[in-house]
Each structure stands twice: as structure tokens, then as C-alpha cells.
Amino acid sequence: GMAGGAVRVLLAALLGVLPAAAERELRFRPPAEAPVRLFTEPELARYDGQQEGQPIYLAVKGVVFDVTSGKEFYGKGAPYNALVGKDSTRGVAKMSLDPADLTHDITGLTEEELKSLDDIFNNVYKAKYPIVGYTSRRILNEDGSPNLDFKPEDQPHFNIKDEF
């Protein structure tokens with residue numbers, strides 16, 4: 001029946017003997033829509049690296065990354081711990097750990113800083129760390145209604161890479 005057919009297709013895929021069309025079909029099926037998790041500021045603040053064994057989250061441009069695998073950088077007492085548990089977009093853009101810069105607000109950043117922000121966002125955070133959700137500021141409008149233009153980020157080149 002149906003199940004047998006599916007198993008055969010899977011086996012064929014594993015053995016690399018799929019007809020080209022079926023292989024294309026498998027390769028280009030979009031990923032199932034993962035539910036989008038929304039983080040308020042107090043929720044995000046709970047993942048600030050202070051609790052042993054708790055995940056460590058950092059938001060950049062409203063995208064919440066799980067940076068737990070970079071514990072030696074982001075954990076308690078680590079050099080970049082100030083960035084975590086919040087949206088630190090401005091700090092990342094300016095490469096600053098000044099508390100005044102640990103905010104989502106990018107008002108008045110230079111072209112250079114904005115370019116640097118995008119580079120780090122794409123080539124460090126998106127490339128190394130899984131996305132676990134979005135800040136409410138990114139998903140909702142000021143009045144709390146859903147932002148209809150919201151699109152989840154893709155992670156096409158995401159792979160667990162060593163920090164070194």
C-alpha cells in the first residue's frame with residue numbers, strides 16, 4: 001500500500017538511486033512551517049547566561065539566536081555576556097559593550113556601522129547559531145497588532161561551525 005511505496009522511495013533516496021524528478025521533488029519541498037516563537041523583553045532576559053544549564057539567547061535585528069554553543073563567549077563572566085538576554089543590535093553594529101548601546105535602536109548609526117551589522121548578522125549569527133524566535137518588536141506593530149509584513153528569516157547556510 002501507500003506506506004510500502006513511501007518506504008521504498010526513502011530507501012531509494014538513501015541509496016542514491018532516485019529518479020531525477022523524485023529527487024528534485026524531495027529537494028525542493030519547502031520546510032514545514034515551524035511555529036514562530038515571540039519573545040517579550042522580560043522573557044528574553046531570562047536567557048542571559050547566568051543560570052548553569054539554561055540556554056543563552058541573544059537578539060540581533062529582532063531575531064533571537066540560541067548562542068549556547070558559544071558559552072565561552074556569551075556565558076556568565078564571558079567577554080560578550082553583556083550582549084545576551086536582550087536585543088543588542090546597536091552594540092553589535094558599533095562593536096560596543098557600552099550599556100547605552102545594548103538596544104534594538106539603530107537611530108543615527110553610520111552607513112559603515114549598518115553594513116558591519118548586516119555582515120555580522122549574516123556571517124556570524126545566521127551562519128553559526130540556530131534561530132529560536134523573534135522579539136515582539138519584530139513581529140508586532142507598535143499597537144500590538146500583528147505585523148503583516150513579518151517574514152521569518154531563512155537559514156540557508158546554517159551549519160554548526162566551531163568558533164575557531
- side-chain contact (heavy atoms from CB on, under 4.5 Å) assessment of Glu153 paired with Arg138: CA-CA 11 Å; Glu153 293 284 332; Arg138 174 87 186 246; 3.0 Å; yes

- List the steps, then state whether side-chain contact (heavy atoms from CB on, under 4.5 Å) holds for Ile120 with Met95. CA-CA 10 Å; Ile120 296 169; Met95 304 223 170; 3.4 Å; yes

- Query: What's the verdict on side-chain contact (heavy atoms from CB on, under 4.5 Å) for Val132 and Tyr47, showing C-alpha distance, side-chain angles and the deciding distance?
  - Reply: CA-CA 12 Å; Val132 287; Tyr47 300 95; over 6 Å; no

- Message: Please determine whether side-chain contact (heavy atoms from CB on, under 4.5 Å) holds for the pair Val124 and Val92, giving the CA-CA distance in whole Å, both sets of side-chain angles, and the decisive distance to 0.1 Å.
- Response: CA-CA 11 Å; Val124 177; Val92 168; over 6 Å; no

- Apply salt bridge (Lys or Arg N to Asp or Glu O under 4.0 Å) to Asp118 and Lys61, showing your working. CA-CA 9 Å; Asp118 280 339; Lys61 290 173 45 164; 2.5 Å; yes

- Item | Trace of the salt bridge (Lys or Arg N to Asp or Glu O under 4.0 Å) decision for Glu41 with Arg137 | CA-CA 9 Å; Glu41 285 183 19; Arg137 186 172 267 105; 3.1 Å; yes

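For the pair Tyr125 and Leu58, the minimum side-chain heavy-atom distance is below 4.5 Å. Counting heavy atoms from C-beta outward, Lys115 and Thr110 have side chains that stay 4.5 Å or more apart. Looking only at side-chain heavy atoms (C-beta outward), Phe65 and Lys128 stay at 4.5 Å or farther from each other. A 4.5 Å side-chain heavy-atom check between Thr89 and Phe121 finds every atom pair outside the cut-off. Using a 4.5 Å cut-off on side-chain heavy atoms (C-beta onward), Val64 and Ile131 make no contact. Side-chain contact check for Arg37 versus Tyr134: every heavy-atom pair is 4.5 Å or farther apart.
Residues forming a ring-ring contact (aromatic ring centres under 6.0 Å, His included) with Phe39 (at least two apart in sequence, or on another chain): Tyr57. With sequence neighbours excluded, the residues satisfying side chain to side chain contact (heavy atoms under 4.5 Å, CB included) with Leu38 are Thr40, Ser136, Ile139, Leu140. Applying the side chain to side chain contact (heavy atoms under 4.5 Å, CB included) criterion to Gln50, with sequence neighbours excluded, gives Asp48, Lys76, Asn81. Partners of Lys86 according to the side chain to side chain contact (heavy atoms under 4.5 Å, CB included) rule, which considers only residues two or more places apart in sequence or in another chain, are Ser88, Leu102. Scored by the side chain to side chain contact (heavy atoms under 4.5 Å, CB included) test, Lys71 finds Glu52, Ile56, Thr68 as partners (sequence neighbours excluded).
Across all non-hydrogen atoms, the minimal contact from Ser116 to Ala93 is OG-O, 3.9 Å. Of all heavy-atom pairs spanning Gly49 and Val84, the tightest one is N-CG2, 4.4 Å. Residues Thr135 and Ala59 come closest through the heavy atom pair CG2-CB, 3.8 Å. Contact between Glu72 and Ala78 at its shortest, heavy atoms only, is O-CB, 3.3 Å. Minimum heavy-atom separation, Ala82 to Leu97: CB-CD2, 4.3 Å.
Between Tyr74 and Tyr129, the ring-plane angle classifies as perpendicular under the 30° and 60° cut-offs.
The ring pair (Phe, Tyr, Trp, His ring centres under 6.0 Å) pairs that include a residue from residues 86-109 number zero, where partners must be two or more places apart or lie in different chains.
With respect to the salt-bridge test (charged N to carboxylate O, under 4.0 angstrom), the residues Arg90 and Glu113 do not qualify. The existence of a salt bridge linking Asp154 and Lys126 is confirmed by a sub-4.0 Å separation between a basic side-chain nitrogen and an acidic carboxylate oxygen.
Between the side chain of Asp87 and the main chain of Gly62, a donor-acceptor pair closer than 3.5 Å is present.
Defined by atom type and a distance below 3.5 Å, a donor-acceptor pair is missing between the side-chain atoms of Thr103 and Asp105.
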